[in-house]
Amino acid sequence: MADSGTVAVTFYIECTQTKPGEAVFIVGSSTELGAWKPEDAVPCATTAKVFPNWTSEKILLPASVGKVEFKVLVMKADCSKPGAARWEGGANRALVMPKTNGGQVQLGASLSWGLPEVTYRTKTDESAGGGGASSSSRTRTGSGSGPMARVETGVHFAIDETGDGIADLKPITSFNRLRSGTLGMPRTSSAHDGMQRRSSRHLCIGGDGMLNTEMSRTPSLMLIDEMQLEQDCKVYEEKVAKLERDKLNQMQRRMPSGSLLESMKEIIESADKNKTVMLQGFNWESWRAGGGDWYSVIGKKVELLTNLGITDVWLPPPSQSVAPQGYLPSQLFNLDGSKYGTQASLQSLIKSMHDAGIRAVADIVVNHRCGDQQDSQGRWNQFTSGMTARPSFAGVMDWGGWAITLGDKFSDGTGEHAPGKYDGKFDAAPDIDHANKKVQQSISIWLRWLQLEIGFDAWRFDFVKGYSAEFVGLYCKKSAPAWAVGELWGDMQYDDNGLCHNQDRHRQDLVNWINATDKQSTAFDFTTKGILQEAVRNCQYWRLKDKDGKPPGLIGWMPKHAVTFIDNHDTGSTQRHWPFPDDKVLVGYAYIITHPGIPSLFWDHVMDWGEHHRNQIGELLRVRRESGIPVDAPVKIQCADQDLYIAEIGSPPALRVALGPRHPGDPDGNYWKNGPAGPQFRVWIHKESPPAPAPAPAPKESPKSAMKKNSPKDAPPALPAFNPITVDGTKLTPEALQGMSKKDLEALVGKIDPVVQAAKKAAASK
């Protein structure tokens, strides 16, 4: 005979997968659970206080259905995009209805997203129908013997049968893991041996036998050590992030790329360009150093880099390469074949960098690739991946002649596309066809593997003039870098007198490339490098101002997407293809560190040129941080003569810099204080406004006299402080106003007052 009773089910779910505007839902096989339609799923609710615990409303299910299958999903809280719902993985959960004897049974089910275990508690409501068991906290379900009979539901339920007639709800698996320390917070010790606590929060059961989520999230204040709790939370967050990265790494070949990327974006935080400072962590000869383990050399410098304020380190190409420097890569997955060290050493370095809050930037060399086998005609156009540990990656980077652009000397004619119209040529290795969909897919998978398996955070794209910018944008969209930068090194304009003053065409090429990536990538500001090194070498500081009064490089047009630098492994180091003058390197750093854009430092200048040199660069970085100038700070160039350049950066001005052999004079001492200085450069930083002095106590009134006394002329009243402004070439400060005549002040008011009135009217209309 069919059971005519009902089961009132309440779901308690622990889920941290939601984003703002999303909620957790239960969907299942019965109509009450939406019949597997996300738009009809049962919503769960949470609050800021109890998050990540979610609770559903009470759902009445007929006991006659026997078994209900269900799953947890996450989607928009208003159900506006059911097609974009994210379903938890694994098999469907199954819930077999307990016997009700014609009455009503309350069932509380507690579970955690992605984990198969379900913890539950039942309670019979005698008033809901006949024949039910007693409605009390000592619940009996079914007809089994003992204080509570086990209900078979088809999945594993953890029931604690203590013998006192109360079926206590055990913590769900994630709480067990937290307590044991195998996943999350380590056990917190107590000074009192008699108080062995395993957690500062507890699961509490209400009088109705259901889980009280509010109380369960309430800390037991008598047991909390706040400092220890903060430490525990940090450890827990780091372990959860690592576990999430590891899980995605294992799942990446079995998950849709869209879902994978969404999950990756949650664990890879976008870089704040206002605070980003990059160091190129190698030079052309670094592969020779460290006994074949350059990564360990960098690892020993991590603390020093942290103290300098470095946020990102650009590491050398990580893959096996025909050339030891890494720029003729072959087996892209073979990181043990690198001359800079093993994969394990690289992963250890990146972990130590992450522990110090430093991101790892990978050097991505994909314009070309060297074949490691020949075809039947003797052409080196057969490629193997070098991946041996992950069967699911089989064939990902195993290419043939079809992956090479048509017309290339390594091509066998089976490719799909010729090089793009503006693609530069690289003769030393096969030119890869990035328009080929399989090539795009392979490179995207490799990039995600570098993130999830190795730990890289950001990309530096090598030789981007060899393939279309749209593919750099695609690869950024198909991975989830914290940020990216491309190396577009083009020719500058020269005439009979040398480097032309106007380099707008050169920086326009950089702007066009950035826009063609859909602004997914920044670019190295080669325009600024070329102009700056010419200016300091020949004492031609007039070069540092364009026809519009702005900086003449990319930072004058697109500072948010400009990465400024002095030298790199190509322009400097032992290659010296286009070196910055050695005796003016600090002058160069004084410019790029105080100006907008993202500054990039070179390893040699920071690590190999002595402590004094490093300290000077460190001081420049310090004043940049203290000034708080953003990546796109405005630049007001006050002087750009043959032998002197002066600019104020920020709004209001926060940094002031002077370059060149001529003495710049002293700025307003009430506004500026001295910063770093050296041969042919000086920097000032804006003084913080001092706190207003406490008012002096009022003097006691002296006895009045019948005779009026002569007194000196009253002192001029103090003027309110304001930031200096310039009118008709005159810098105005409170002190300057005090020294002006009444006639001059009235003339000044006549000039400024109409502007002020117009500004007020414009503001009122907004």
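Counting from 1, the numbers follow the sequence of the chain as shown. Note that the structure is predicted; figures quoted are calculated from it, not measured.
Within the structure, the salt bridge (Lys or Arg N to Asp or Glu O under 4.0 Å) test picks out no pair touching residues 489-500 (sequence neighbours left out). Residue pairs meeting the salt bridge (Lys or Arg N to Asp or Glu O under 4.0 Å) criterion with at least one member in residues 583-602: none, sequence neighbours excluded.
Note on Asp632 versus Lys273: no salt bridge recorded, every NZ/NE/NH1/NH2 to OD/OE distance being 4.0 Å or above. A salt bridge does not link Asp641 to Lys545: none of the charged nitrogens lies less than 4.0 Å from a carboxylate oxygen. Ion pairing of Lys425 with Asp408 is present here, as a side-chain N (NZ or NE/NH1/NH2) and a carboxylate O approach within less than 4.0 Å. Using a 4.0 Å cut-off between charged nitrogen and carboxylate oxygen, Glu648 and Arg656 count as a salt-bridge pair.
Scanning for side chain to side chain contact (heavy atoms under 4.5 Å, CB included) contacts around Ser330 gives Gln320, Cys370, Asp372, with sequence neighbours left out. Gln508 pairs by the side chain to side chain contact (heavy atoms under 4.5 Å, CB included) definition with Val511, Asn512, Trp557, not counting sequence neighbours. With sequence neighbours left out, the salt bridge (charged side-chain N to carboxylate O under 4.0 Å, His left out) criterion links Lys477 to Asp518. Considering only residues two or more places apart in sequence or on other chains, Asp546 meets the side-chain hydrogen bond (donor to acceptor under 3.5 Å, both in side chains) condition with Arg507. For Ala323, the side chain to side chain contact (heavy atoms under 4.5 Å, CB included) criterion is met by Ser321, Gln325, Leu328, not counting sequence neighbours. With sequence neighbours excluded, no residue forms a ring-ring contact (aromatic ring centres under 6.0 Å, His included) with Tyr541. Scored by the side chain to side chain contact (heavy atoms under 4.5 Å, CB included) test, Arg625 finds Leu621, Arg622 as partners (sequence neighbours excluded). Arg543 is linked by a side-chain hydrogen bond (donor to acceptor under 3.5 Å, both in side chains) to Gln540, counting only residues two or more places apart in sequence or in another chain.
Taking the centre and axis of the six-membered ring of Trp578, the NZ or CZ atom of Lys529 falls inside the cone set by 45° and 6.0 Å.
Note: Tyr295 and Tyr340 have tilted aromatic rings, judged against thresholds of 30 and 60 degrees for the angle between ring planes. Between His569 and Trp284, the ring-plane angle classifies as parallel under the 30° and 60° cut-offs. Relative orientation of the His613 and His605 rings is tilted, given thresholds of 30° and 60° on the angle between their planes.
Checking each of Lys478, Arg369, Met397 against Ile443 for a side-chain contact (heavy atoms from CB on, under 4.5 Å) leaves exactly one that passes, namely Met397.
A 4.5 Å side-chain heavy-atom check between Leu308 and Arg614 finds at least one atom pair inside the cut-off.
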Please tabulate, for side-chain N and O atoms in residues 456-464, each donor-acceptor pair with protein atoms closer than 3.5 Å (sequence neighbours left out).
unit_1 : atom_1 : unit_2 : atom_2 : d
Asp457 : OD1    : His354 : NE2    : 3.4
Asp457 : OD2    : His354 : NE2    : 2.7
Asp457 : OD2    : Ala360 : N      : 2.8
Trp459 : NE1    : Ser479 : OG     : 3.0
Arg460 : NH1    : Asp363 : OD1    : 2.9
Arg460 : NH1    : Asp363 : OD2    : 3.3
Arg460 : NH1    : Asp462 : OD1    : 3.0
Arg460 : NH2    : Glu487 : OE1    : 3.4

With a 3.5 Å cut-off and sequence neighbours excluded, list the donor-acceptor pairs that the side chains of residues 595-603 form with protein atoms.
unit_1 : atom_1 : unit_2 : atom_2 : d
His595 : ND1    : Tyr591 : O      : 2.8
His595 : NE2    : Tyr645 : OH     : 2.9

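Closest approach of Thr527 and Pro552 over heavy atoms only: CG2-O, 3.9 Å.
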